[in-house]
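Inspection log for the structure reproduced underneath, given as structure tokens.
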Amino acid sequence: MNSTPVLVIFVASIFTNNILLAGFLGMCSFLVCSNRIDTAFGLGAAVTFVMLFTTMINYLIYHYVLIPLKLEFLSYIIFIAVIAAFVQFVEMFVERFSPKLYYALGIFLPLITVNCAILGASLFMVLRKYNFAQSTFFGLGSGIGWALAIALMAGLREKMGYSNVPARLRGPGIVMLVTGIIAMTFMGFAGMLKLQ
Amino acid sequence: MSSDVNQRKGIGTGFGGGKGRETLGDGVFKVNPITCQVLGICSALAVTSRLEKALVMGGALVFVLAMTGLIVSVLRSYMPRRIRMITEVAIIATFVILFDQFLRAFYYDMSKQLGPYVALIITNCIVMGRAEAFATQNPPLLSMLDGVANGLGYAMILAIIAIFREILGNGTLLGYPLLAGTGFEKNLLFALAPGAFITAGFLIWFLNTLNPPDSTEGSP
């Protein structure tokens with residue numbers, strides 16, 4: 001069992017071990033959906049929500065169903081199925097009970113199934129042998145960290161609209177370079193606490 | 001029915017209906033999945049701190065893409081449209097699990113180093129993208145070839161990024177101390193996350209200059 005305090009995991013997954021800037025996960029939607037701040041916030045909120053609950057569900061399934069049955073090798077396919085089912089369920093639920101929220105978040109939900117950060121969070125949880133409380137805070141922290149990164153990027157890209165970027169560097173090229181610099185600044189937090 | 005005819009014709013006129021070479025070239029160079037379509041970037045960056053890791057990951061992608069292409073293409077007329085996506089995900093996950101179990105059994109250290117990134121091939125957009133865009137419309141052999149081509153294109157980019165990062169960040173290449181005794185200082189930045197993003201950024205810039213994309217508009 002991993003004995004890292006819950007609070008350390010929570011803060012580390014937002015700053016020093018940011019799932020996007022240090023773990024490279026969720027790049028695809030990060031590159032595509034970081035054009036505008038409100039889109040970025042919407043997607044970030046949806047990712048945080050789904051990540052929190054899927055890590056919790058996957059933890060329970062992994063430890064109470066797969067391990068007793070010795071079916072750990074099926075975990076990947078189960079995890080992705082849980083994520084897909086959960087997203088579908090949330091979409092239906094939100095559409096039925098809060099149309100307003102559905103219009104704000106609904107368009108992002110289908111994108112989330114293929115967001116590797118969500119599956120990545122579940123895999124890291126198993127790999128680092130977190131317990132339930134640690135997994136919950138890891139899921140929440142990673143979601144917030146991802147949302148923070150995409151919101152920062154969207155803010156920078158809105159400003160970048162006014163600057164003269166070389167034509168061939170536009171699009172993914174410049175976003176990569178800027179992400180590199182953001183990742184560098186986030187490394188400054190590394191002295192604060194450590195997570196292997 | 002028509003696909004059957006195509007396939008028979010394909011066997012007659014050369015590998016993959018005479019389109020084999022074209023498909024292979026397209027996947028590796030012309031519409032390289034990473035640099036032109038910017039798909040599958042996630043795992044591309046994580047495993048490139050060492051060339052060895054990048055090559056294993058490239059091999060995994062070639063295997064998964066080829067097998068998924070083949071199976072999806074064989075099943076393409078039997079898959080109901082509504083559950084097509086989930087079927088494809090299940091097929092992809094099966095091959096990823098196979099590869100992962102293989103690594104664990106024979107190359108445990110490598111499997112430890114790659115961590116969760118082998119499993120993350122499941123959500124790698126390249127695999128899904130090729131299955132959806134190519135394998136559902138083409139005969140099995142050609143789809144398999146397309147998978148191999150895209151996998152090789154992916155592996156090539158991974159290897160290029162990894163060569164830069166391993167030499168600059170560690171002074172070695174495939175573990176050999178290439179720059180020992182030259183007074184070279186390891187630049188840790190390239191072994192860590194920022195180096196990956198910056199190398200990838202420059203590589204995309206370089207390749208876009210060599211081979212300009214058709215549409216240069218789009219936000220900065």
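Letters go in sequence order (proteins before strands), and every chain restarts at 1.
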Does B:F164, at its CZ atom, have more than 12 non-hydrogen atoms belonging to other residues, nucleotides or ligands within less than 6.0 Å? no

Is chain B contacted by the side chain of A:I80, its backbone, both, or neither, given a heavy-atom distance below 4.5 Å? side chain

Which one, B:V89, B:T199, B:V96, B:D100, leads in non-hydrogen pairs under 4.5 Å with chain A? B:D100

If one checks every heavy atom of B:I122 against chain A at 4.5 Å, the contacting part turns out to be side chain

Where on B:F202 is there a heavy atom nearer than 4.5 Å to chain A: the side chain, the backbone, both, or neither? both

Gap separating the CD1 atom of B:I86 from the CD atom of A:Q88, nearest 0.5 angstrom: 8.5 Å

Step through the shown structure and confirm whether more than 12 heavy atoms of other residues, nucleotides or ligands are within 6.0 Å of CG on A:N164. no

Using the side-chain contact (heavy atoms from CB on, under 4.5 Å) rule, take A:M27 and B:F197 through it: C-alpha gap first, then chi angles, then the decisive distance, then the call. CA-CA 11 Å; A:M27 283 301 293; B:F197 287 116; 3.6 Å; yes

Taking atom CD as the centre, does B:Q113 end up with more than 12 heavy-atom neighbours from other residues, nucleotides or ligands that are less than 6.0 angstrom away? yes

Point-to-point distance, once rounded to the nearest 0.5 Å, from OG1 of B:T48 to CZ of A:F24: 6.5 Å

Roughly how far, to the nearest 0.5 Å, is CZ of A:F73 from CD1 of B:I97? 7.5 Å

From B:I204 atom CD1 to A:L169 atom CG, the distance as rounded to the nearest 0.5 Å: 9.0 Å

Given A:M176, which of B:I198, B:L45, B:L203 fulfils the side-chain contact (heavy atoms from CB on, under 4.5 Å) condition? B:L45

Return the CD1 to CG distance between A:I118 and B:L120, rounded to the nearest 0.5 Å. 11.5 Å

Classify the ring geometry between B:Y117 and A:F124 as parallel (under 30°), tilted (30 to 60°) or perpendicular (over 60°). perpendicular

Could you measure the distance from the CD1 atom of B:I121 to the SG atom of A:C116? Nearest 0.5 Å is fine. 11.5 Å

Atom CZ of residue position A:F137 - does it have more than 12 heavy atoms of other residues, nucleotides or ligands inside 6.0 Å? no

Engaged part of B:I92 at the chain A interface, taking heavy atoms whose separation is under 4.5 Å: neither

What pair of heavy atoms forms the shortest contact from A:G23 to B:A46, and how long is it? O-CB, 4.4 Å

Taking everything shown except A:F93 itself, do over 12 heavy atoms lie less than 6.0 Å from its CZ? no

Which heavy-atom pair separates B:G201 from A:L177 by the least distance, and what is that distance? CA-CD2, 4.0 Å

Counting heavy-atom pairs under 4.5 Å with chain B, which one of A:L20, A:L74, A:L119 comes out on top? A:L119

Check whether any side-chain heavy atom of A:P166 lies under 4.5 Å from a side-chain heavy atom of B:W205, and answer yes or no. yes

Heavy atoms only: give me the nearest A:L127-B:P116 pair and the separation to one decimal. CD2-CD, 3.7 Å

Minimal non-hydrogen separation, A:A22 against B:A193, with atom names: CA-CB, 4.0 Å

